[in-house]
Amino acid sequence: MTTWADVERESPLARTRRARRMGRILAETYPEAHCELDFRSPYQLITATILSAQCTDARVNRVTPALFARYPTPQALAAADPVELESIIRSTGFFRAKARNLIGMARTVTERFGGEIPRTLDDLVTLPGVGRKTANVVLGNAFGVPGLTVDTHFGRLVRRFGWTREKDPVKVEFAVAALFPRRDWTRLSHELIWHGRRICHAHRPECGICPLARLCPSFEA
DNA sequence: ATCCCGAGGG
DNA sequence: CCCTCTGGAT
């Protein structure tokens with residue numbers, strides 16, 4: 001068992017080795033970890049990802065067929081009637097803010113990026129409704145650019161694991177990147193997020209069935 | 001009641 | 001740091 005006292009006195013090298021052991025177990029436990037949003041283009045992915053805020057991917061996937069039939073391109077979405085768009089995405093929650101952001105995103109893409117979804121983090125985060133997390137999801141899953149997508153699951157887990165004590169998502173991202181300089185960061189993100197949803201919940205984590213328990217200082221019997 | 005693979009704004 | 005936006009699932 002690994003205790004917090006162990007973590008306090010473990011060397012940077014020992015911490016790296018422990019983290020990588022845990023990372024290997026995650027990869028073995030979730031070999032199929034992937035983005036669960038349905039999409040066929042960067043435009044569809046960025047749109048679906050904006051909708052996925054505070055909403056399960058399964059529910060997003062229920063509205064995207066109608067959404068992309070009605071607005072097949074950024075140009076079409078940029079010209080959308082807000083009320084009609086809201087009616088399509090209503091069931092994903094936050095529909096007013098999301099509709100506003102979607103139209104703003106599509107307008108910015110058409111007006112400033114020639115109708116193409118930008119391929120850099122700096123450009124993506126200028127789009128309305130796109131923060132660093134959404135930007136990294138798009139980069140990783142639509143453009144094959146490795147990146148850590150630090151959401152609430154990701155941050156909670158790596159702090160519980162004792163990989164870092166940082167709370168700021170950017171600092172968390174850099175700390176984890178330093179621990180896994182040569183791993184597929186997109187996949188590692190999905191593995192952590194799947195684990196957060198399936199076992200390492202915010203409340204009442206299921207340590208009893210967790211394959212990482214032996215290496216985790218937050219293990220509770 | 002509480003939670004969803006957030007983002008923007010004060 | 002906090003708050004708000006929002007609906008549906010459990």
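Order of the sequence lines fixes the chain letters, A, B, ..., with proteins taken first and strands second; residue numbering starts at 1 for each chain.
- Salt-bridge check for A:Arg187 with A:Glu191: passed, with a basic side-chain N closer than 4.0 Å to an acidic carboxylate O.
- As judged by a 4.0 angstrom heavy-atom cut-off over every strand, A:Thr152 is placed among residues touching the sugar-phosphate backbone only.
- Salt-bridge formation is not detected for the pair A:Glu86/A:Lys98: no Lys NZ or Arg NE/NH1/NH2 atom is positioned less than 4.0 Å from an Asp or Glu carboxylate oxygen.
- Taking 4.0 angstrom as the limit, A:His203 places a side-chain polar atom (N or O) nearer than this to OP1 or OP2 of B:dC3.
- To the nearest angstrom, C1' of B:dC3 lies 14 Å from CG of A:Asp151.
- The nearest whole Å value for the distance from the CZ atom in A:Phe154 to the C1' atom in B:dC4 is 19 Å.
- Near DNA chain C, defined here as any heavy-atom distance below 4.0 Å, the residues from residues 85-100 of chain A are A:Arg90, A:Ser91, A:Gly93, A:Phe94, A:Phe95, A:Arg96, A:Ala97, listed numerically.
- Within 6.0 Å of the CD atom in A:Glu116, the count of heavy atoms belonging to other residues, nucleotides or ligands does not exceed 12.
- Heavy-atom neighbours of A:Arg107 CZ from other residues, nucleotides or ligands within 6.0 Å: at or below the threshold of 12.
- The hydrophobic cluster containing A:Leu37 also contains A:Val63, counting ILVMFWY residues as joined when their side-chain heavy atoms lie under 4.5 angstrom apart, directly or transitively.
- A:Glu8 and A:Arg165 are joined by a salt bridge, as a carboxylate oxygen and a charged side-chain nitrogen come within less than 4.0 angstrom of each other.
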Do any N or O atoms of the protein come closer than 3.5 Å to N or O atoms of nucleotides 7-10 of chain B, and which pairs are they?
from: B:dA7; atom 1: OP1; to: A:Gly131; atom 2: N; distance (Å): 3.2
from: B:dA7; atom 1: OP1; to: A:Thr134; atom 2: N; distance (Å): 2.9
from: B:dA7; atom 1: OP1; to: A:Thr134; atom 2: OG1; distance (Å): 2.1
from: B:dG8; atom 1: OP1; to: A:Gly129; atom 2: N; distance (Å): 2.8

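- Taking atom CG on A:Leu37 and atom P on B:dG6, their separation rounds to 11 Å, with Å as the unit.
- Below 30°, between 30° and 60°, or above 60°: for A:Tyr30 and A:Trp194 the angle between ring planes is above 60°, a perpendicular geometry.
- Distances shown here put every side-chain N or O of A:Gln54 at or beyond 4.0 Å from the OP1 or OP2 atom of C:dT6.
- Residues A:Glu173 and A:Arg132 are paired through a salt bridge, judged by an N-O separation under 4.0 Å between the basic side chain and the carboxylate.
- Other residues, nucleotides and ligands contribute at most 12 non-hydrogen atoms within 6.0 Å of the CZ atom of A:Arg112.
- Here, B:dC4 and C:dC1 have their C1' atoms 23 Å apart, quoted to the whole Å.
- Side-chain atoms of A:Asp6 and A:Thr3 include a donor-acceptor pair closer than 3.5 Å.
- Rounded to whole Å, the P atom of C:dT6 lies 14 Å from the corresponding atom of B:dG9.
- Applying a 4.0 Å cut-off to non-hydrogen atoms, the residues of residues 156-174 of chain A that approach DNA chain C are A:Lys167, listed by residue number.
- Donor-acceptor pairing under 3.5 Å is recorded for the side chains of A:His190 and A:Asn141.
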